[in-house]
Structures are given as structure tokens and as C-alpha cells.
Amino acid sequence: MTLEAFDTVDLIHAKRDGAVLTTAQIDWLVDAYTRGFVGDEQMAAMAMAIFLNGMSREEIRDLTLAMIASGETMNLSSLSKPTTDKHSTGGVGDKITLPLAPLVASFGVAVPQLSGRGLGHTGGTLDKLEAIPGWRADLSNAELHAQLEAVGAVICAAGAGLAPADKKLYALRDITGTVESIPLIASSIMSKKIAEGTSALVLDVKFGSGAFMSDIADSRELAQTMVRLGTDAGVATTALVTNMNVPLGLAIGNANEVRESVEVLAGGGPADVIELTLALAREMLASAGQPDADVEDALASGRAMDVWRAMITAQDGDPDAVLPTPKEAEVVTADRDGVLVEQQALAFGVAAWRLGAGRARKEDPVQHAAGIDLHVKPGDTVMKGQPLFTMSTDEPARFARALEALEGAYRVGDAGDEVLDGGPLIQDRVTG
Ligand code: URA
């Protein structure tokens, strides 16, 4: 038996009492946890100590580097084009990756979008794309490289080999109340993104009721922390801080979010989805050396749509296939004339999840046709009896639980009442 470098309980005591862990201590802790020497119960205590006491800038850097070192790193330098990627901290109706990746790739840039499945009220990009008949999330490294070279855009499952320490720690945080911690979120996201090998990265850091951080100051701090980690690791990183108090777009679910993304690629779609897609595309293209790229034209001309079709086809999906439709639908209407003044993102996300669009346990399937279609957004005038939103599911027993989640989450007020939408969509930009 080899002698371990540190005693786990000593490190937990130290962090619990507010000490700063050394590089050697963090390296050992992450390695020993990955190998199973440090137990889940010990790492849960450590995660809670970090949650409560925070981490210094150096500790966050060390934790990120240790999680990268726990697995393989990808090398995309053999590609003939520059690489740029985007990560969103997640929100309700956030389907931006779907139109964004082909849009950016239509400028000759490689976009390796290694994505995940959803857990809880925020949907997963792979769940959405799996609504397309035949589409395959799992690609080998060789397939990923070949598609980046030939098509430019890839959205696929992150392989198990990237930052395995994070995979283990994130699953543990999910069940121990330790997700919403800036050092833990920043190191988790950035370890995967740096390990993926992209040369540039744009972060969409959300705040509001449907985001990890409800407060914009916390989101700004998270954005600054991640931009610093990326920059220090040699990845050109910028971030937009964006509003997630209201669902993004009109579709919340899986198949309906794909439909809405295709509308954007066809030159239409809801104004907020278009605004964020264009803003992130400009950031990504600037980071890849094309600050003057005409992103509007790429949507209007159908160039981005061509890349979407090629991207879906390359992963065995049929871009022309009819998407799944739900067995049951229920429409909720306005009970009075007035103005929609509230539409809380979190509640709509939870309701869509309860309708079957999301999963409660990671092994559960999702219903691809389940979700919510919004017919109005905050600030819109409505008349009594006008549809506000439609809920869809394959199991009608789910409607009651979804409606419970929505109680008090939307409201028709009078003209002139304050609209509680949290303000503009894009509120800040953070650079290294
Ligand atoms: N996404 C991640 O990958 N990690 C977190 O901690 C939060 C969101």
C-alpha cells in the first residue's frame, strides 16, 4: 500500500475553518477522489466547506487544473481552421446553441460543442437534438475531428474521458445542496472547456429566477472568475451576462425548441432568441479573428441553415423529418383584459419538466414532444380568453402538477403596471 500524501480529514478541517488549501493539497484531493480513496461522504463535506467559505483565486485555478489533469485533453490544433466554443450556464428555453453553432461555422470556423443532457428544470442540448429522428449524440474522437473539418459545427456528447473528477463531483454536488457555489461552478465548467481544446470561448452567464444565480452581481462575479480561468489557461475567453428572469423565446421543451431554432435559421423566430444568437455569434467570430462578420446575412441568405442541415445529416439525423408531436395539449387563457406583466422563468421550467420534457434522475428518458409553447411575452397586451400558453405531454395526468408549479408565476395586470421581466436581455460584457 502506498502512503497517501495527506490526510483527508485534515484537509476538510482546514477548509471548514477557513484556511487556504495549497496546490499540492488540491492536486492530491482531486486525484484521490477520482481514484476512490477519498469517499463521497468526505468530498461532500469538502464541497459544503467550499460552498460556505469560498476559495481564493489560486485555489480555484488549482482546482480547475487538477480536474483537467484527472482525464484526457483533446487537441484540436491539427484542424485547418480556428476553433471557438460557447457555454451557457443554462436556463429555461435556452436553445441558442442549436442555431448558433451552424451560424458561426458558416464563416469557416470550427465549433466543437460538447454538450450534456438536462437534469432538473434546465433542459439539455442533447435531449433537444435527440427529438430529431435518427440523430446521434455519441461520436468518436475521429468522427468529431472529421466533422469539424468537413462541416465546421458539431454538437455531441462530451466523452467520459474529459475531466472525470468533475463528472463525479458534479453528480455529488447535485444531491448535496452544493451546486450554487461560484468556485465550484467556475472550476467545473472551465475544466471541461479547457480540456476540450478550444482556442477561444464565449460564455453566456445567466442571472435571474431561471438561472443558478438569481442576483446579477453573483453572475458577474461568476463570469469574471471564468474569464480569468480561461485567459490564464491560454483560451481567449469573454462573457455576456444575460437575463434569465423570463423564458428565452416561445418554446420550452425539446422538439418545440428544435422547431424554434430552425425558424431562427430560416430568418425568423422570436426577437430575444435572434438577439442573443447574433450577439454570441459576433463574440465568437471576433474571438476567431472575424470581428466584422455579417451574421445577419448568414441567417437571411440560408448559409447558416445549410450548415445546420449538414451538421444534422452528418450525425445520422434527418433534417426534413417530422418532429414528434404530443398526445395531449391543454391551453391556458387570460382571465381578463390587460397586459402580461409576469412570466417567471423558473416556474415555467419546472412546469415543462413536470410535463415530461426533463428528467428527475439521470437514467430517466425524456418525452421529446412534452413542454410549453408560450403565445405571449411580458409587455404584450392580452384579451380575456386569449391563449397565454399551451402545455403538451404524452401523459395527461401530468397537467395538474405542471399547473401547480405555475401558480402565481404569470399575471395579467393593467396597462401602465410595472413589467417584471428583469430588464434588457444582455446586461454586461466581461473580457479578460
Ligand atoms: N454546469 C457545469 O458543468 N457545472 C456546474 O457546476 C454548473 C453548471
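Read the numbers this way: they start at 1 and go in the same order the structure lists the ligands and their atoms.
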For [Y], is there an ion pair with [X] - N to carboxylate O distance below 4.0 angstrom?
X	Y	value
Arg136	Asp138	no
Arg398	Glu330	no
Asp232	Arg61	no
Glu196	Lys193	yes

So is Ile189 touching ligand 1 or not, going by heavy atoms under 4.0 Å?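 Right, Ile189 reaches ligand 1.
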Ligand 1 contact by Thr89, heavy-atom criterion under 4.0 angstrom: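 Outside the 4.0 Å threshold, so no.
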Could you pull out, from Lys192, Glu180, His87, the option with a heavy atom nearest to atom 3 (O) of ligand 1?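 Checking each option, the heavy atom nearest atom 3 (O) of ligand 1 is found in Lys192.
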Residue selection (non-hydrogen contact nearest atom 4 (N) of ligand 1) among Ala186, Ala163, Ser188: Ser188
Among all protein heavy atoms in this structure, tell me which lies nearest to atom 8 (C) of ligand 1, with the distance rounded to 0.1 Å. Phe212 CE1, 3.4 Å
Within the 4.5 Å heavy-atom criterion, are Val241 and Val430 side-chain neighbours or not? yes
